[in-house]
Amino acid sequence: MNTPAENPRRSRSRLRTALASAAAVALAATGLAALPSSAVAAADGIVVQYRTTASGATAHESEPWLKVRNAGAISVPLSSVKVRYYFKADSASAAYRFACSWAVKGCANITGMFGTLASPTATADRYLEIGFTAGAGSLAPGADSGDLQLRFHQTSWASLVQSDDYSFGPQQSAYGDWPKVTAHLNGATVWGQAPGGNGPTDPPDPTDPPEDAPTLFDDFNYSSHTDPRINANGWSVRSNSGGPGVPGATWAPENVTFVSQSGNSVMNLETSTAGTAASTKHTEFLTRSMKFKNGTYASRVKFSDAPRSGPDGDRIVQTFFTINDLTAPMADDYAEYDFEYLPNGGWGEPANILYATSWETYRPDPWEAVNQHTSDARSYAGWHDLVLTIDDDRITYYVDGQHFGTHGAAFLPERPMSINFNQWLIDLAGQPSTTPRAYDQQVDYVLHVKDQVLTPSQVNAMVGAYRSAGTTFTDTVPGS
């Protein structure tokens with residue numbers, strides 16, 4: 001017998017209400033103050049326990065040691081779990097580095113990245129998000145992850161203040177359930193209470209992507225960098241000199257090629273060098289028009305940790321971004337929103353790191369920057385789905401369907417921008433060899449939907465629909 005399906009949003013709300021009541025009972029039993037009614041308890045059997053070995057009001061490093069416990073009745077893959085520890089940055093420009101000292105599951109299977117809260121509070125404007133690779137395995141009912149002995153510090157190694165951090169508990173010398181650290185299962189909050197204004201909200205009901213929104217989609221189905229359709233479709237293959245990157249290097253159109261992979265055309269950006277400025281060739285592919293502003297930007301990009309040939313070690317930058325021109329130093333109508341992957345480090349980082357950065361403005365000389373960034377210091381070699389959304393309140397970044405960072409309204413664009421992909425060397429100090437080497441960055445597609453904030457799943461559905469229809473290019477975005 002068939003019965004009408006219940007509205008998913010309504011059922012989620014009822015579930016959260018019931019679980020909040022359960023949370024209040026459980027917290028009273030353990031002697032902790034009950035959380036607000038928006039707190040979410042162990043909906044899927046996930047509980048987070050916390051202790052710290054750095055209990056001072058200030059410390060050189062914060063040491064949130066964690067355990068993830070499965071109190072439910074079914075096995076849970078740890079790769080579907082994210083845990084967030086909330087803290088107050090020591091300054092607006094403070095940058096942090098994560099480290100795993102030891103973990104029962106193995107530090108190689110633990111990831112850590114920093115994000116910015118959409119609604120800062122007096123005790124939290126950042127968070128450390130802990131994740132797990134597939135190598136961490138699953139938690140059977142009743143099992144826990146064992147110790148995750150974690151730490152983080154300012155990149156400058158300046159002391160940090162813990163006493164004003166939302167998730168910090170100086171009295172927690174032994175593990176205990178800790179609802180000021182949240183757990184998220186497949187994107188849904190299932191344990192704990194985030195700082196005020198940053199708690200879980202009912203996600204929108206799944207909907208098809210908008211049909212009539214102005215859209216740019218390109219599957220990069222071209223024959224070569226001289227294909228006349230590139231120009232006809234509004235793109236430019238850069239050949240002019242100038243920054244960023246190694247002074248005196250050239251931007252080589254011939255190093256932008258198009259290859260077939262499993263019947264699908266992808267764009268390849270090759271950057272090569274033999275250790276001198278004259279031998280260094282950067283690559284960039286960009287829209288000629290600055291007509292893109294609010295909305296959704298998405299691309300599938302393949303980053304590389306090692307060169308295709310030759311010795312490794314160059315400080316290379318692989319990117320997907322949107323940008324307009326700097327009309328004057330510190331001009332307030334400048335805008336830039338970047339995904340930048342540094343496989344060999346750079347800018348003071350010793351190893352691979354992915355940045356998502358939102359720019360308000362900068363001055364090139366002497367250097368001064370006004371921006372906000374989120375970073376994750378680990379390898380991102382391989383294909384990744386990158387999504388950036390801009391609305392009237394915030395800028396949000398996603399990687400592989402997972403939230404990566406949210407940046408505030410102070411960094412919203414005032415003028416339209418271009419869409420760009422490039423690969424370039426910061427300098428020649430990372431690898432002094434004069435042996436030729438070449439690095440590849442590949443791009444599968446690009447999508448922009450004007451004035452519409454899409455979820456990563458909506459992006460995937462939209463791209464799939466274009467490909468099913470045999471559409472390799474469309475651009476209905478009006479000129480600025």
Nearest heavy-atom pair of [X] and [Y]: which atoms, and what distance?
X: Val449; Y: Met462; value: CG2-SD, 3.7 Å
X: Met267; Y: Phe285; value: SD-CG, 3.5 Å
X: Val477; Y: Lys291; value: O-NZ, 2.9 Å
X: Arg415; Y: Thr327; value: NH2-CG2, 3.8 Å
X: Glu61; Y: Arg151; value: OE2-NH1, 2.7 Å
X: Arg238; Y: Pro253; value: O-CG, 3.5 Å

Tyr86/Thr182 under side chain to side chain donor-acceptor pair (under 3.5 Å): CA gap, chis, key distance, verdict
CA-CA 9 Å; Tyr86 302 89; Thr182 59; 2.7 Å; yes
Got [X] and [Y] here, is their nearest side-chain heavy-atom distance under 4.5 Å?
X: Leu117; Y: Pro195; answer: yes
X: Phe220; Y: Phe421; answer: yes
X: Asn255; Y: Ser272; answer: yes
X: Arg84; Y: Ser167; answer: no
X: Ile46; Y: Val68; answer: yes
X: Asn233; Y: Tyr222; answer: yes
X: Tyr355; Y: Asp338; answer: no
X: Thr406; Y: Thr116; answer: no

Decide yes or no on side-chain contact (heavy atoms from CB on, under 4.5 Å) for Asp376 and Val399, but give the supporting numbers first.
CA-CA 11 Å; Asp376 187 16; Val399 178; over 6 Å; no
Considering the options [options], which one meets the side chain to side chain contact (heavy atoms under 4.5 Å, CB included) requirement together with [X]?
X: Gln402; options: His184, Glu129, Lys82; result: Lys82
X: Asp218; options: Leu447, Val446, Asp475; result: Val446
X: Tyr166; options: Asp125, Thr123, Val181; result: Thr123

Would Thr361 and Asp332 count as a side chain to side chain donor-acceptor pair (under 3.5 Å) if you check the C-alpha gap in whole Å, the side-chain angles of each, and the deciding distance to 0.1 Å?
CA-CA 6 Å; Thr361 191; Asp332 60 8; over 6 Å; no
Can you tell me how far apart [atom1] ([X]) and [atom2] ([Y]) are? Round to the nearest 0.5 Å.
X: His153; Y: Asp90; atom1: NE2; atom2: CG; answer: 13.0 Å
X: Asn422; Y: Leu269; atom1: CG; atom2: CG; answer: 8.0 Å
X: Ile390; Y: Thr322; atom1: CD1; atom2: OG1; answer: 6.5 Å
X: Asn268; Y: Asp440; atom1: CG; atom2: CG; answer: 4.0 Å
X: Leu342; Y: Asp314; atom1: CG; atom2: CG; answer: 12.0 Å
X: Leu412; Y: Arg394; atom1: CG; atom2: CZ; answer: 10.0 Å

What residues, two or more places apart in sequence or in another chain, satisfy side chain to side chain donor-acceptor pair (under 3.5 Å) together with Thr226?
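Per chain and number, Thr226 pairs via side chain to side chain donor-acceptor pair (under 3.5 Å) with Ser224.
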Under 3.5 Å: donor-acceptor pair, side chain of [X], backbone of [Y]:
X: Thr471; Y: Arg467; result: no
X: Thr296; Y: Leu454; result: yes
X: Tyr297; Y: Phe320; result: no
X: Asp219; Y: Asn221; result: no
X: Gln318; Y: Ser304; result: yes
X: Thr133; Y: Gly135; result: yes
X: Arg288; Y: Asn231; result: yes
X: Arg300; Y: Lys302; result: no
X: Glu336; Y: Ile323; result: no
X: Thr287; Y: Ile419; result: yes

Under the side-chain contact (heavy atoms from CB on, under 4.5 Å) test, residues paired with Asp451 that sit two or more places apart:
Asn294
So [X] and [Y], would you call those rings parallel, tilted or perpendicular, with 30° and 60° as cut-offs?
X: Tyr380; Y: Tyr341; answer: perpendicular
X: Tyr397; Y: Phe339; answer: perpendicular
X: Trp359; Y: Tyr334; answer: perpendicular

Test ring pair (Phe, Tyr, Trp, His ring centres under 6.0 Å) applied to Tyr445 and Tyr466, step by step
CA-CA 11 Å; Tyr445 72 85; Tyr466 279 128; 9.8 Å; no
Whether Arg97 and Glu349 form a salt bridge (side-chain N of Lys/Arg under 4.0 Å from carboxylate O of Asp/Glu) is what I want to check.
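A salt bridge is present here (some side-chain N lies under 4.0 Å from a carboxylate O).
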Let's go through Leu354 and Phe303 carefully: what are the C-alpha distance in whole Å and the side-chain angles of both, what is the deciding distance for side-chain contact (heavy atoms from CB on, under 4.5 Å) to 0.1 Å, and is it a yes or a no?
CA-CA 10 Å; Leu354 177 66; Phe303 297 128; 4.3 Å; yes
For Asp392, look at atom CG and say whether over 12 heavy atoms of other residues, nucleotides or ligands are found less than 6.0 Å away.
no
In sequence, state the C-alpha distance, the side-chain angles, and the governing distance for His384 and Asp400, and then conclude on side-chain contact (heavy atoms from CB on, under 4.5 Å).
CA-CA 6 Å; His384 296 282; Asp400 297 329; 2.7 Å; yes
Run the side chain to side chain donor-acceptor pair (under 3.5 Å) check on His407 and Thr374 step by step: do they pass?
CA-CA 9 Å; His407 300 161; Thr374 301; 3.0 Å; yes
Using the rule given for side-chain contact (heavy atoms from CB on, under 4.5 Å), can you reason through Asp312 versus Gln431, listing the C-alpha separation, both sets of side-chain angles and the distance that settles it, and then say yes or no?
CA-CA 7 Å; Asp312 195 4; Gln431 172 53 268; 5.9 Å; no
If you take the centroid of each ring, where Trp contributes its six-membered ring, are Phe152 and Phe98 closer together than 6.0 Å?
no
Apply side chain to side chain donor-acceptor pair (under 3.5 Å) to Gln458 and Gln452, showing your working.
CA-CA 11 Å; Gln458 286 178 312; Gln452 299 288 327; over 6 Å; no
Applying ring pair (Phe, Tyr, Trp, His ring centres under 6.0 Å) as the test, list every pair that has at least one member in residues 261-283; sequence neighbours left out.
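Every pair satisfying ring pair (Phe, Tyr, Trp, His ring centres under 6.0 Å) with a residue in residues 261-283: Trp251-His282.
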